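Throughout, numbering of the chain's residues begins at 1 and tracks the sequence. Given the structure is predicted, the values throughout are model-derived calculations rather than measurements.
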Amino acid sequence: FFRMQSYLPAQLVTKSGLVDTAAVLKDKKRVGLYFSAHWCPPCRQFTSMLINFYNELKAANADDFEIIFVSSDQDEDAFNEYYGEQPWVSVEYGDDSQDSLAQKFSVRGIPAFYIIDPATGSIVDADGRGSVMANARNPAQAMAAWSQGK
């Protein structure tokens with residue numbers, strides 16, 4: 001996770017407050033970077049699908065996977081409301097890494113969902129959104145594909 005950590009902030013927002021990124025990524029085999037915003041209707045639609053997908057993976061004991069929300073919200077209240085619905089971790093609102101991550105991954109539109117190998121920092125799946133939609137009823141199948149490098 002060290003390579004991936006080089007372009008993430010030192011701490012991430014969790015439901016219990018700020019936590020060191022290294023602790024969040026410890027033992028993770030795959031990490032999803034989720035670029036989204038409260039004001040975006042397709043984002044909100046995909047977010048509900050992604051929440052179900054994530055919760056099903058977590059219920060199946062997939063502790064080797066985490067999602068990091070990277071907000072494109074225009075104000076902190078919208079971020080707080082939207083992130084409040086999400087079960088995963090987030091880059092803190094207003095952190096400089098929000099823009100640098102969007103540039104690093106060439107995000108052209110939202111929602112965008114990239115699956116990353118945290119050990120190498122490489123993209124395993126540049127269309128994680130499509131993979132989640134195709135495997136909405138079988139998240140374990142998507143996770144298995146990601147674990148094999150897609």
List the steps and the verdict of salt bridge (Lys or Arg N to Asp or Glu O under 4.0 Å) for E85 and R44.
CA-CA 10 Å; E85 302 167 6; R44 295 187 59 81; 3.3 Å; yes
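- For the atom pair CG of L33 and NZ of K104, the computed distance is 10.0 Å after rounding to the nearest 0.5 Å.
- The side-chain heavy atoms of F79 and H38, taken from C-beta on, include no pair separated by under 4.5 Å.
- In this structure, S97 contributes its side chain and S100 its backbone to no donor-acceptor pair below 3.5 Å.
- E66 places none of its side-chain heavy atoms less than 4.5 Å from the side chain of K29.
- Checking side-chain atoms of E81 against main-chain N and O of D77 turns up no donor-acceptor pair under 3.5 Å.
- Note: F69 and Y83 have parallel aromatic rings, judged against thresholds of 30 and 60 degrees for the angle between ring planes.
- Considering only heavy atoms from C-beta on, Y82 comes within 4.5 Å of S36 through its side chain.
- A 4.5 Å side-chain heavy-atom check between P87 and I51 finds at least one atom pair inside the cut-off.
- No side-chain donor from either of S122 and D117 sits under 3.5 Å from a side-chain acceptor of the other.
- When all heavy atoms of Q11 and L18 are compared, the pair lying nearest together is OE1-CD1, 3.6 Å.
- Taking every heavy atom of both residues into account, Q45 and S48 meet most closely at O-OG, 2.9 Å.
- Looking at S90 and Y34, their side chains never bring a donor and an acceptor atom within 3.5 Å of each other.
- Using a 4.5 Å heavy-atom cutoff, the side chains of I68 and V31 are in contact.
- Looking at heavy atoms from C-beta onward, N138 lies out of side-chain contact with E56 at the 4.5 angstrom threshold.
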L8 vs L101, test: side chain to side chain contact (heavy atoms under 4.5 Å, CB included). Steps then yes/no.
CA-CA 8 Å; L8 290 172; L101 284 165; 3.9 Å; yes
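- Taking every heavy atom of both residues into account, G32 and F65 meet most closely at N-CE1, 4.0 Å.
- Closest non-hydrogen pair, A112 versus V107, comes out as CB-CG1, 4.1 Å.
- The main-chain N or O of D75 is never found under 3.5 Å from a side-chain atom of D73 such that the two would form a donor-acceptor pair.
- Using a 4.5 Å cut-off on side-chain heavy atoms (C-beta onward), I67 and L50 make contact.
- The two atoms that bring I116 and V124 nearest to each other are C-CG2, 4.1 Å, heavy atoms only.
- A donor-acceptor distance shorter than 3.5 angstrom exists from the side chain of K15 to the backbone of Q86, with no hydrogens or angles considered.
- A perpendicular orientation is assigned to the rings of Y7 and F105, their planes being inclined by more than 60° (bins at 30° and 60°).
- Judged by distance alone, the side chain of D20 and the main-chain N or O of A23 form no donor-acceptor pair under 3.5 Å.
- Two residues are said to be in side-chain contact when any heavy atoms from C-beta on lie closer than 4.5 Å; F35 and S71 fail this criterion.
- Here the CD1-CZ distance, from I110 to R129, works out to 10.0 Å after rounding to the nearest 0.5 Å.
- Smallest separation of non-hydrogen atoms from W146 and G128: CZ2-O, 4.4 Å.
- Without hydrogens or angle criteria, D95 side chain to V91 main chain gives no donor-acceptor distance under 3.5 Å.
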